[in-house]
Amino acid sequence: MKKKVVIVTTGGTIAMVKKGEGVVPFEKGNVLISEIPELSKIQNADIEVFEFSNIPSPHMSPKHMWLLSKKIDEILNREDVIGVVVTHGTDTLEETSYLLDLTLRSDKPVVCTAAMRNIGELGTDGPRNVYSSVLTVLAPQSYGMGVMVCLNDEIHAAREVTKTYTSNVATFDSPGYGPLGIVDEDTVIFFRRSLTRERIFVNQIEEKIALIKTFTGDDGSLLRSAADMGYKGIVLEGFGRGNVPPLVADAVEEVVSKGIPVVITSRCFKGRVYPVYAYKGGGADLRKKGAIMSEHPIGQKAKIKLMVVMGKTSDIEDIRGYFEKNIIRRAIKNE
Ligand code: ASP
């Protein structure tokens with residue numbers, strides 16, 4: 001029996017058309033898939049389409065992401081399925097793909113894709129991106145690679161990739177890492193594997209996690225408000241190595257003392273968050289006050305990871321263990 005690649009559609013520009021005032025979801029979100037003749041020429045697999053949702057990706061909530069993860073696990077459990085392609089909006093693709101990367105239990109390939117140009121727009125990129133993603137699923141090296149994101153002929157690791165351009169089709173990049181590989185015409189070529197991939201198997205996630213960006217002159221009131229509003233965990237995007245203004249440091253200490261984890265990331269998207277500075281608000285000072293250093297700098301990635309980790313534990317020191325692996329390893333070595 002021929003194996004199947006299941007295309008799970010969720011919505012996004014790839015399933016949108018221009019109508020009246022602007023671009024909106026097309027009533028039949030997965031119509032695009034049936035209009036890619038190249039898919040029927042693929043010899044070694046059949047294509048099946050499953051419509052999960054038809055929403056713009058800014059409407060994607062933690063609950064949607066989690067239900068999608070469970071649905072994909074169910075599909076991957078089928079013996080006839082070799083892998084899954086997920087179509088999604090580009091705006092939050094980096095979050096959904098990372099949640100899938102952390103939580104999916106199967107090693108079968110999952111490739112997420114999208115389009116920057118809607119159906120009918122000149123030079124629309126959706127059909128090619130879907131085709132390249134199916135080829136990527138079928139590439140033997142994709143097994144066990146973790147969840148990937150494939151657009152514009154590049155393949156990226158879900159943990160590393162981020163949307164960098166509001167409008168250009170070459171929007172996805174993995175700053176500091178580069179792509180895992182490329183799709184050149186009909187050939188998938190991998191250059192490397194991601195050595196930073198982690199998997200955290202959970203039975204639930206914590207949806208109520210806030211992401212706050214700090215700014216010059218920040219007095220910590222937004223952080224305190226998030227805690228007062230009932231957020232169970234907070235990711236705080238600081239500066240550079242993971243530093244914040246002095247008054248924010250007081251707020252961090254207060255929030256952590258209430259048992260709410262505060263994970264520090266950086267508005268720099270390359271490099272590592274690390275407790276270097278001991279001045280008030282510096283990373284070392286924040287860590288002394290109980291904050292967790294995320295190491296990976298991108299705030300929206302840390303937010304997804306905190307949602308997953310807090311599906312397992314709400315103990316701050318346990319949570320720290322998931323974020324500060326290298327920092328803790330080094331501290332133990334230096335003891
Ligand atoms: N706003 C759209 C979305 O994320 C953008 C896109 O798909 O490219 O749904």
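These values consider heavy atoms only, across backbone and side chains, with no hydrogens, waters or symmetry-generated copies. Each ligand, and each atom within it, is numbered from 1 in the order the structure gives.
Rounded to the nearest 0.5 Å, atoms CD (Glu94) and OG (Ser57) are 9.5 Å apart.
Salt bridge present: Asp285 and Lys289 bring a charged side-chain N and a carboxylate O closer than 4.0 Å.
Atom numbering of ligand 1 starts at 1 in the shown order; those under 4.0 Å from a heavy atom of Pro58 are 3 (C), 4 (O), 9 (O). Of all the atoms in ligand 1, the ones that sit under 4.0 Å from a non-hydrogen atom of Gly12 are 7 (O), 9 (O).
The nearest heavy-atom contact from the protein to atom 3 (C) of ligand 1 is Ser57 OG, 3.4 Å. What sits closest to atom 6 (C) of ligand 1 on the protein, heavy atoms only, is Thr13 OG1, 2.8 Å. Nearest protein neighbour of atom 1 (N) of ligand 1, counting heavy atoms only, is Asp91 OD2, 2.8 Å.
At a 3.5 angstrom cut-off on N or O pairs, Ala115 counts as close to ligand 1. Residue His88 has no N or O atom closer than 3.5 Å to an N or O atom of ligand 1. In terms of polar-atom proximity, Thr90 is counted as a contact of ligand 1, with an N or O under 3.5 Å from an N or O of the ligand.
For CG of Asn203, the number of neighbouring non-hydrogen atoms (other residues, nucleotides, ligands) closer than 6.0 Å is 12 at most.
Exactly one of Ile14, Val17, Asn118 qualifies for a side chain to side chain contact (heavy atoms under 4.5 Å, CB included) with Phe26. That residue is Val17.
With Asp101 contributing its side chain and Gly146 its backbone, the two residues share no donor-acceptor pair below 3.5 Å.
Residue Gly11 places every heavy atom at 4.0 Å or more from ligand 1.
The other members of the hydrophobic cluster of Ile189, by chain and number, are Ile182, Phe191 (side-chain heavy atoms under 4.5 Å, ILVMFWY only). Other members of the cluster containing Val23 are Met16, with ILVMFWY side chains joined at under 4.5 Å, either directly or via other members.
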